[in-house]
Every structure is written in structure tokens, then in C-alpha cells.
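For reference, the structure is listed below as C-alpha cells.
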Amino acid sequence: MSLPIIIDTDPGQDDAVAILLALASPEFEVLGITAVAGNVPLALTEVNARKICELAGQSDIKVYSGAIRPMLRPLVTAEHVHGRTGLDGPVLPEPTMPLQQQHAVDFIVETLMERPAGTVALCTLGPLTNIGLALVREPRIASRIKRIVAMGGGFFEGGNTTPAAEFNIYVDPQAARLVFDAGIPITLIPLDCTHQALTTRARVEKFRKMTNKSGPAVAELLDFFERFDEQKYGTDGGPLHDPCVIAWLLKPELFTSRDVNVSIECESELTMGMTVIDWWRVTERKANATVCRGIDADGFFALMAERIAKLR
Ligand code: BDR
Ligand code: CA
């Protein structure tokens, strides 16, 4: 039986690869893709999500548009990383599949209230605004979510947007706090983990050599995406963040983790959006997340190559 998932996302090249990995995996039933403002404004993220579905030859997937800005703070975007469109790199045609009329937040609430409790998982690849708003609109969804698997935060690695904060949490810390305080089972995949999943030349070339359409498109997405982080960190390749979320659901044995408390800083401007992770359990705060710290990067890229090769 396949796992019903909703992918909440702000594509973004790494989001795009995560979506492709999910669409290539029969273990999932993708109920919908909900777009949020993040890497680029909402008008682009929802179009990008549809472009990726069409690249995968799956134009029947339902794509919804969600929050246009964070709950309280002004939107911060990352064109310097992802390019003006958010998906700079390959030339992807404008999508012809429709955008769903329903608002993403309504779709998330309706789906969770209609489906049996504890069956639907949320994969969050961007700022948590849509999920935070859904919790405000219908708090009963908290006990109905099977699990949230979220890319976000960083502790030992620090931040990638400020010295203290990772992009997804920094953009909407208030939404993140709502999500982490809601009593939902959460798996968090922070920079501590994704910084080990590097798009080295050898790994990217495997996608380029594929004879389908999606493989070479993934290589071109990664060519563009990695250039910023390669310069920043001086590594061969950049961290491939968001596909780790999908990989955790497929093969959790690729990751090492601990169940610990994660609290989100929302007061201090200096450390705004920091994920304060009680890794050493030095407080009495209750564990509210499974936090990943290690990843078998070779196993992760092998899984991706095997799946992406099966796409169109
Ligand atoms: C996260 O921020 C975005 O730039 C990426 O898509 C990823 O979700 C990494 O900090
Ligand atoms: Ca993202």
C-alpha cells in the first residue's frame, strides 16, 4: 500500500529534484503539491511546481497555490542561489496543466479532515507558512497528521542565511514555532545532515548520462544550483537539501538521528529563526522531533539515480 503524501514546497532546484524523486517512487500516492513563497515569490513557485510535474510526464498531479508571504515577517527570497525564476538551469516549457482553484491551506485542511487520521504525511521543503496557517485554521489537523518530514534548521553547522538560521526556518519562524509546538510527529532534516549530501561532479554526471528526459534535466538543475554553495563552502558540489526529505520516507536507514527537543527562536533579531536543538538533552524539554544528523550520501545518491532513471 502506498503512503499518501502532500508535498509543500517553494521550487527551487533542490525542491524540484525532491518532487521528481517522489513522483518516481511507487511507495507514494502524491495527493497534491502545495506551493508557498520562499526561494522566489509564490507566482513563480506554483508555476515551477507544475513545470516539474510536466517534466516527469505527470500532469495529472494537483498543484495548489498557498501563502503569498510569511505569517508576520516580510518575505525574504533567495534569487542569488536559485536564479531569477527559482528554477534557472534547464529550459523547461511553460506548463499547460492547470493550477487548482482551491487555496493550498484549504486543501491541506480538507484532506487531513477527510482522510482517516494518522494516514497522510506532509513533506515540507520550504518555509512552514502553509502548514502554520492550516494549524491556525483547523487545529484538529495536528492529531490527524501521520508525520511531518521537514527540511529546515541547523545546529552544529549553524545557519546558511544568518550565522544562526537556515533559510526555511528564517523566512517564517513564527510558522515554524507553531508547527514544532503542535505535538505532531516530526522528522527534521537540518543542514547538519544535508551538508553531507554533496552534488559532486561524479554524482551529477550519472544523471547527465541517463537516456531519459528527466535525468539530464536534473543534471542541469544541479549545475546551476551548486555553483553558489561550491563558492561559499569550497566543496566539490553543493548540499542537496530537499530530496533528503523524500529519501528519509523511502529509506530511513540511510540516516542517523535522535529524538530531541527543537525550539524555534522568534524573539531575538540576532538569532531569529534559529533551531535550538537540545541534542545533548541538557534541558527537561520534551522531545518533539526526530532530528537527523548523519546521512549515507552514497546510498542516498544511488537511490536517487535508480529512481530518476525510471522517469520519463
Ligand atoms: C533550503 O532553502 C532553500 O534554498 C532550499 O530549497 C532548501 O529548502 C535550504 O536551506
Ligand atoms: Ca526548498
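Side chains included, hydrogens not; waters and symmetry mates left out as well; all remaining heavy atoms used. The structure presented is a predicted model; accordingly, all values stated were derived computationally and were not measured. Whatever order the structure lists ligands and atoms in, that order sets their numbers, starting from 1.
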> Is the His241 ring parallel, tilted or perpendicular to the His195 ring (thresholds 30°, 60°)?
Replying inline: tilted
> Which residues pass the side chain to side chain contact (heavy atoms under 4.5 Å, CB included) test with Phe228, sequence neighbours left out?
Replying inline: His80, Val81, Lys232
> Under the criterion salt bridge (charged side-chain N to carboxylate O under 4.0 Å, His left out), which of Asp223, Asp298, Asp236 is the partner of Arg203?
Replying inline: Asp298
>> My understanding is that only residues two or more places apart in sequence, or in another chain, count here; which of them pass side chain to side chain donor-acceptor pair (under 3.5 Å) with Lys310?
In response: Glu306
>> According to a hydrophobic-cluster definition based on side-chain heavy atoms being under 4.5 Å apart (Ile, Leu, Val, Met, Phe, Trp, Tyr only), do Leu99 and Leu31 belong together?
In response: no
> Would you say Gln231 has more than 12 foreign heavy atoms packed within less than 6.0 Å of its CD?
Replying inline: no
> Is the charged tip of Arg73 near the ring of Tyr170: under 6.0 Å from the six-membered ring centre and within 45° of its axis?
Replying inline: yes
> Near Arg84 CZ, under 6.0 Å, is it more than 12 heavy atoms from other residues, nucleotides or ligands?
Replying inline: no
> Which N, O or S atoms belonging to the protein are less than 3.0 Å from the Ca ion (ligand 2)?
Replying inline: Asp10 OD1, Asp15 OD1, Asp15 OD2, Leu125 O, Asp242 OD2
> Under the 6.0 Å and 45° cation-pi test, does Arg177 pair with Phe180?
Replying inline: no
>> Distance under 4.0 Å, heavy atoms only, partner ligand 1: which residues pass?
In response: Asp14, Asp15, Asn39, His82, Leu125, Met151, Asn160, Glu166, Phe167, Asn168, His241, Asp242
